[in-house]
Amino acid sequence: MTEQELREILGGPVEVPDVVEEKMAAAYARLQAGERRPARRRGLRTALALAAAAAVLCAGAAAGYWITRTEVAVDERRPAVVEGMFGDSSRPSVEEQTKVEADGSLSLNLPNRERVPVELPEALAVVGDYLPDTGYAWTVGDYTLTVEAYLLDQGTGTGKIYFLLERPGGLEGVEVSPEDGEIWFNGEGISLTFRAGEDAQAGYRIYADQARTTDTVLAGVVSFAVAEEADRWQAADGLTIGFHDLRLNQNSKKDVSLLAELELPGTESLSAVTAVDPDSGERGAVLSAIGIAIDAQDVDEIDSVVLHYADGSSYVVRDENQNLDNTEYALGCGSGTDMTLRLCFNRLVDPAQVVSVTVNGRNCPTA
């Protein structure tokens, strides 16, 4: 695409800063010369045709927002990222809490949640080969969003993203729950949304890495699950992050908040193992290092899920009787008697060490 074609698509003249124009010209020159990037060791797919340092104006962005994407080195940050995703120093355990308002309404109902330590060598042995070689950073107005790492699992339809959101004057419209660190967008500023690939809808929750979060920098972990489209979503499809300013909706009858869609390249899917129903011989669940997908006739009836390890220990993923929920996010999919419950773990799991999964007291050995 030439600059003239870009101008025509945007419907008017584009004022390109000199430094950006120089980078675009250099990128075009390299492309015309046939230059190609070296293949990445895990087949990481580049989302932009231009070199990563080149800047482009997002056609869907509000006027005045230049959207740039750059690749960033993350090797030195990997210990902090792994700790933030899976450890307990970034987010402590939570004891069950309830809060009842004066009118009798329940404004807070937190279950017990147990966080556990993570050891970097063991963690990297499980997920290190599936982490992208580089991180990605975008500027949107005076915000900088840096995705330092992400893990995708097409087998269970789950994923995790570790990001930093920065603004010199402080973040607008972003709240962190003091009880458990969950992140909320209150409508008075920006927000982020997440989509798997081009069109697969994803539900998610975001928690703050409290060890790295400051007044001007939010470190967050997204745990997401793909809805019905998970069967056709592939990790190679990557992810799309929507960057919104919710204040734009205040005088509008429809959602006009989207400033930019930021694409993350696809990765290789995490490896997964299958737990087999002993009676039917069919799949009862599939699990990976970050999540599990459980087949069921009614996902609302799944009250307890336990993973059993080869060394005799176990991980209680959820137990209604103990008001215990050791998940980051849960999503029920399907209809009728053909349903799937997707759960995002709140710790790292080595699927090679899982010998069975017990769901509502029914034990399913791994194949």
Side-chain angles (χ1 to χ4, degrees), residues 16-17 19-24 26-27 30 37-38 40 42 44-62 64-85 90 130-152 159-174 183 185 189-195 204 206 208-209 211-222 224 238-245 258-267:
V16 183
V19 64
V20 173
E21 193 157 23
E22 290 173 4
K23 291 179 180 179
M24 290 179 72
R30 287 195 295 270
R37 290 183 177 275
R40 301 186 184 280
R42 305 301 298 187
L44 184 62
R45 180 170 59 87
T46 301
L48 298 182
L50 297 179
V56 297
L57 180 63
C58 177
Y65 280 89
W66 274 91
I67 315 303
T68 67
R69 189 192 78 169
T70 57
E71 293 185 2
V72 295
V74 294
D75 285 348
E76 71 278 6
R77 308 182 201 179
R78 190 146 288 182
V81 168
V82 171
E83 174 62 35
M85 277 188 169
S90 61
Y130 301 94
L131 291 166
D133 294 331
T134 63
Y136 298 91
W138 296 264
T139 58
V140 184
D142 51 359
Y143 281 88
T144 299
L145 174 66
T146 304
V147 172
E148 293 193 337
Y150 52 105
L151 293 165
L152 308 180
K160 284 186 180 288
I161 308 167
Y162 188 95
F163 71 88
L164 301 178
L165 182 63
E166 307 173 60
R167 179 175 178 268
L171 307 182
E172 303 164 298
V174 181
I183 295 171
F185 303 110
I190 61 94
S191 76
L192 303 176
T193 57
F194 303 88
R195 192 171 71 245
Y204 54 89
I206 313 173
D209 177 350
R212 298 182 71 189
T213 295
T214 68
D215 290 340
T216 59
V217 179
L218 172 68
V221 180
V222 183
F224 72 84
L239 303 168
T240 301
I241 302 175
F243 194 105
H244 303 254
D245 187 338
L258 183 64
L259 295 178
E261 290 189 322
L262 315 173
E263 295 184 12
L264 279 171
T267 66

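Predicted, not measured: the structure shown is a model, and the values here were computed from it.
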(Q) Checking A219 now: which residues fulfil side chain to side chain contact (heavy atoms under 4.5 Å, CB included) with it, not counting sequence neighbours? (A) Y162, L164, D209, R212, T213
Q.
For F194 and L239: C-alpha separation, side-chain torsions, deciding distance, then whether side-chain contact (heavy atoms from CB on, under 4.5 Å) applies.
A. CA-CA 7 Å; F194 303 88; L239 303 168; over 6 Å; no
Q: Working to the nearest 0.5 Å, report the span between CH2 of W138 and CD of E261.
A: 12.0 Å
(Q) Can you give me the closest heavy-atom contact between P79 and E76, atom names plus distance? (A) CD-O, 3.8 Å
Q | Under the side chain to side chain contact (heavy atoms under 4.5 Å, CB included) test, residues paired with V74 that sit two or more places apart | A | V72, R78, E148
Q. How would you list, by chain and number, every residue that makes a side chain to side chain contact (heavy atoms under 4.5 Å, CB included) with T193, sequence neighbours excluded?
A. Y204, H244
(Q) I'd like to check the salt bridge (charged side-chain N to carboxylate O under 4.0 Å, His left out) partners of E172; sequence neighbours left out, ordered by chain and number. (A) R167, R247
Q. At their closest point, which heavy atom of A137 faces which heavy atom of T146, and how far apart are they?
A. CB-OG1, 3.6 Å
Q) Are I241 and F163 side-chain neighbours, meaning at least one heavy-atom pair lies under 4.5 Å? A) no
Q | Y143: partners by ring pair (Phe, Tyr, Trp, His ring centres under 6.0 Å), with sequence neighbours left out | A | F243
Q: Evaluate side-chain contact (heavy atoms from CB on, under 4.5 Å) for V174 paired with I190, printing each intermediate quantity in order.
A: CA-CA 7 Å; V174 181; I190 61 94; 3.9 Å; yes
(Q) Set out, in order, the CA-CA distance, both residues' side-chain angles and the distance that settles side-chain contact (heavy atoms from CB on, under 4.5 Å) for Y130 and T267, then state yes or no. (A) CA-CA 7 Å; Y130 301 94; T267 66; over 6 Å; no
Q: Indicate the atoms forming the closest heavy-atom contact of I183 with G220, along with that distance.
A: CD1-CA, 4.2 Å
**Q.** By side chain to side chain donor-acceptor pair (under 3.5 Å) - contacts of E166 (at least two apart)
**A.** none
Q. Is the shortest heavy-atom distance from the side chain of V140 to the side chain of L145 under 4.5 Å?
A. no
Q: Walk me through it: do V81 and L131 pass the test side-chain contact (heavy atoms from CB on, under 4.5 Å)?
A: CA-CA 11 Å; V81 168; L131 291 166; 5.6 Å; no
Q | Distance in Å, T216 OG1 paired with L171 CG, rounded so as to fall on 0.5 Å steps | A | 7.5 Å
Q. Any side-chain heavy-atom pair from F224 and Y150 closer than 4.5 angstrom?
A. no
